[in-house]
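Only a predicted model underlies this, so the values are computations on that prediction, with no experimental measurement involved.
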Amino acid sequence: MTYEESLQRLQAIVAELEGDRVPLAQALTLFEEGITRLREAAATVQDADARVRTLVEQLDGSFQLLEPRA
Amino acid sequence: VGSWDLFAAVPDGPRRAPGDTAADAVSVGALTRAAKDIIEGAFTPLWVRGEISDFKAHRSGHWYFSLRDADSRLRCVMWRGDTARALTKPADGMLVTAQGQMTVYPAGGDLQLRVLRLGAAGDGLWQKALEETLARLRADGLLEEARKRPLPRVPRCVAVITSPDGAALQDIRAVAARRFAAIPLVVVPARVQGDGAAEEIVAAFERVARWGGADVVILGRGGGAREDLWAFNDERVARAVAACPVPVVAAVGHEVDVTVVDRVADLRAPTPSAAAEAAIPDREVLTREVRTAGERLRLGAQRIMQRRRQVLAGVGGRFGATARRLTDGQQHRLRRIGQAMATAVEQRVMRQRAVLGALAPALRGAAERRVATEQHQVQALAGQLNALSPLAVLQRGFGVARTPGGAARASVADFRAGDTFDLLLRDGAVRATTQQVATGTPLDAGAALEQGGRP
């Protein structure tokens with residue numbers, strides 16, 4: 001799932017949990033899924049070092065990502 | 001008549017040049033050809049500025065027109081092979097610059113400019129070329145707002161089609177590093193001005209599509225003169241942008257004029273930096289967003305727990321009140337159901353505990369306290385159920401009669417002499433046979449049995 005999908009699903013889950021109509025068993029399943037989506041979204045926003053690479057197409061049509069020349 | 005050198009000295013006799021006398025008159029063709037040679041030799045190809053008039057595009061594909069200003073008029077021809085390089089077909093009144101070779105058109109004897117290249121000197125030609133391109137794109141629906149795709153909130157990879165040495169790339173890189181460094185930028189090099197720029201940009205788009213690794217593309221360059229930006233008005237580039245399988249942000253650093261590419265792109269950014277801002281989310285904002293979502297999820301779960309506690313308490317209360325009005329046999333069944341319920345609730349609490357085990361420790365602490373409360377509730381309910389159990393009655397010294405099949409025998413009407421029944425007592429059960437049945441208040445009837453039992 002992309003970040004957007006995870007977050008959208010998460011928001012839908014929260015909205016459902018906040019409503020009064022969810023049966024308890026389903027609420028728990030939803031909560032469980034919510035945790036999974038939350039973890040996915042959180043993993044996406046992890047920080048890392050900047051990476052800029054150059055796309056190079058080989059003669060055989062395959063692609064390579066090269067570090068840019070200094 | 002062979003080729004003549006009009007000015008060659010005549011070797012012998014008095015100095016006479018062709019055309020000196022009537023007797024030496026030269027032909028029109030020879031003179032014209034001589035003039036042509038002289039003119040062509042005197043001018044190398046040069047740029048001329050003027051206004052287009054008498055423009056005619058011949059069926060053959062050649063263009064015929066004049067260049068004029070307030071003082072003069074110069075006939076021009078542009079061969080079909082050269083017209084392909086022009087921005088578009090010019091129209092009368094446009095100011096242009098034409099690069100060409102001065103020559104003489106022998107058949108008409110006219111001075112003529114053989115035009116090799118045609119550029120715009122005023123807005124006219126640019127405007128016409130632009131309008132024609134836009135009209136074609138519009139006809140194909142490529143300018144529709146509805147076509148524009150939203151950018152992904154968090155792209156996995158951003159492709160940047162630009163010059164690898166340009167300032168645009170540096171600007172984009174700086175913004176990416178500040179906002180969300182973990183999103184990789186992949187540069188797809190292409191010249192963004194001059195001859196061949198359009199072709200290189202188109203090729204870069206095709207490469208991005210074949211590669212398939214990016215989910216948004218920034219096409220950009222810094223500002224520049226209109227001629228420098230012309231590749232961004234090229235119809236082929238516009239069509240490549242439209243055909244791109246992922247959204248394209250156009251960032252031609254030129255706030256005043258909107259290029260054709262800007263109109264076709266999914267998003268137009270005024271500068272490469274702004275394009276990077278649009279394509280790359282701010283990590284701080286996302287982190288806050290995820291944190292808020294997590295907090296809401298936690299609160300939602302808390303609410304569910306609370307509600308469930310209320311439900312349990314309510315069910316427990318109603319259950320107790322109802323149970324007191326039931327027969328022993330019904331109570332027995334109820335007890336079994338109650339136990340099953342308690343087990344189910346217990347299992348659910350266990351399962352929930354497993355879910356909570358996945359939570360961050362801080363969250364887990366709070367959640368576990370809630371689970372403990374839940375367990376307490378379940379135990380209380382179990383205790384309540386137990387108090388209603390027939391077994392508790394037995395503990396107080398009473399017996400319960402039932403058929404060997406387990407059906408309750410709560411009334412004398414259920415007994416017939418000779419029937420077998422079981423009597424459940426505090427510490428076991430007795431299988432007995434009915435000898436006699438007496439009806440009445442229990443103590444009176446019991447006395448009657450005693451007498452009847454010993455006749």
Identify every side-chain donor-acceptor pair in residues 196-208 of chain B under 3.5 Å, counting partners at least two apart or on other chains, and give the distances.
residue   : atom : partner   : partner atom : Å
Glu199(B) : OE2  : Arg236(B) : NH1          : 3.1
Glu200(B) : OE1  : Arg191(B) : N            : 2.8
Arg207(B) : NE   : Glu57(A)  : OE1          : 3.4

Side chain to side chain contact (heavy atoms under 4.5 Å, CB included) filter on Ala278(B), not counting sequence neighbours, yields Leu151(B), Leu267(B)
Write down the atom of Val261(B), the atom of Ala250(B), and the distance for their closest heavy-atom approach. CG1-CB, 3.8 Å
Based on non-hydrogen pairs under 4.5 Å, which of Val56(A), Val14(A), Ile13(A) is most in contact with chain B? Val14(A)
Main-chain N/O of Pro281(B) paired to Arg153(B) side chain as donor or acceptor, under 3.5 Å: no
For Asp215(B), all residues meeting salt bridge (charged side-chain N to carboxylate O under 4.0 Å, His left out), sequence neighbours excluded: Arg156(B)
Cationic N near anionic O, under 4.0 Å, Arg291(B) to Glu295(B): no
Please identify, among Leu299(B), Val160(B), Val187(B), the residue contributing the most non-hydrogen atom pairs under 4.5 Å to chain A. Val187(B)
Going by an N to O cut-off under 4.0 Å, is there a salt bridge joining Arg149(B) and Asp266(B)? yes
Residue by residue, which of residues 58-65 of chain A have a heavy atom closer than 4.5 Å to a heavy atom belonging to chain B? Phe63(A), Leu65(A)
